[in-house]
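Notes follow the structure.
Residues: numbered from 1 along the sequence shown.
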Amino acid sequence: MSDPRILTVRPEPGEYAWTFGGAPPVARIAPGTVLDLYTEDCFAGRVRSEKDLVSEVCEFPFLNPQTGPFHVEGAQPGDTIAVHFVSVEPARDWAASTTVPLFGALTSTHTTATLQPPLPETVWIWQLDRARRTALFRARDSDIEAELPMDPMHGTVGVAPANLEVRSALVPDAHGGNMDTPEMRAGVTCYLGVNVEGALLSLGDGHARQGEGETCGVAVECAMNTVVIVELLKGLATPWPRIESDTHIISTGSARPLEDAFRISQLDLVQWLVRDYGFSELDAYQFATQAVESPLANVCDTNYTCVAKIRKQWLPSRETHRGVHAQLREIATTVRG
């Protein structure tokens, strides 16, 4: 096996993408390329202290900058891009979280409009101990402190949407985007259906950790140094973003209302069991009903995202997505050195 090509990208402040679709590629890459990337946090690095309110230091809609897009040579509509996360590591010793006016699951929003005033805008700066793998919470209104384990992930990964659409990097949908699932961590492979020539892959929105649902709308947001391997699966369609770990197969669905996001993820999982594991549709429906885990990804974004996952140990011994996850896991060991 030959050594994979490695492309290192460290964008300058004006070189990020803010949409999926509509942005020219920063590079053309061959399938099998390793991308060594720097991604900025969702605030573009502008929230650095408790005094830096998002409404004052950030300019909407320029939130959630993405590194990319990358044109994957040979990718055509109907194919699938496999993105294997070799490593996801915070690039700084601090991260930021905040409440944002009219945003989040427990406040009035533009789409859930009420006479209530917005919640106050408050910033928390989390200290990261990258050696000990911890994130330190310090309360703003008391002396409470708590160390939580770091669990670095990417809130956003996706390709250009179908039908000539350009979507904000804040929006999750069938193209991927801002799904905000903690499942998108090192060691997993994300499968994205290709909608345009070259796919136009981008990623960003690093989180040092995030609870399921991302309730207030903002995780422990931080810049990341991330390494991924990008592979191309010709002639294999993936209707909604899927994730494969060593232990689970994972479907996602993004929509509003929340029950529709749930339905999409569950249906995609059933169809995955039918296509790759030999189930009939009704058998898959019954099996998934009794075996599925259904964590929330986000209930705050323009679309909500639900996850449906099943343990591999409970499934027939079959190959999925042409066995690419195991192949990329092996390559990743050489990349890490």
Quiz item: Angle class for the H321/Y191 ring planes (parallel below 30°, perpendicular above 60°, tilted otherwise)?
Solution: parallel
Quiz prompt | Residue of the set L200, T33, L7 for which side chain to side chain contact (heavy atoms under 4.5 Å, CB included) holds with F70 | solution = L7
For the [atom1] atom of [X] and the [atom2] atom of [Y], what is their distance to the nearest 0.5 Å?
X	Y	atom1	atom2	value
R130	D93	CZ	CG	4.0 Å
N64	N178	CG	CG	4.5 Å
K309	T181	NZ	OG1	8.0 Å

Closest contact, heavy atoms only, [X] versus [Y]:
X	Y	answer
I125	V123	CD1-CG1, 4.0 Å
S254	M179	OG-CG, 4.4 Å
R209	P149	NH1-O, 2.6 Å
I229	I331	CD1-CG2, 3.7 Å

Hydrophobic cluster membership, with links at side-chain heavy-atom distances under 4.5 Å among I/L/V/M/F/W/Y: are [X] and [Y] in one?
X	Y	result
I29	V228	yes
V57	F43	yes
M150	L136	no

Test item: side-chain donor near acceptor, [X] and [Y], under 3.5 Å:
X	Y	result
W272	T320	yes
H248	E183	no
T302	R167	no
N298	T305	yes

I want to check something: taking the side chain as every heavy atom from C-beta on, are [X] and [Y] in contact at a cut-off of under 4.5 Å?
X	Y	value
T80	R242	no
K312	E244	yes
L63	C58	yes

Would a distance-only check, ignoring hydrogens and angles, find a side-chain to backbone donor-acceptor pair under 3.5 Å from [X] to [Y]?
X	Y	result
E165	G21	no
T67	Y38	yes
S97	A219	yes

Quiz item: Are the charged groups of R46 and D52 less than 4.0 angstrom apart, N to O?
Solution: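 No salt bridge links R46 with D52.
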Quiz item: Salt bridge or not for E89 and R133, using N-O below 4.0 Å?
Solution: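 Looking at E89 and R133, the cut-off is met.
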Quiz item: For T111 and R256, what are the C-alpha separation, side-chain angles and deciding distance, and is it a side-chain hydrogen bond (donor to acceptor under 3.5 Å, both in side chains)?
Solution: CA-CA 11 Å; T111 53; R256 285 205 189 193; 3.1 Å; yes
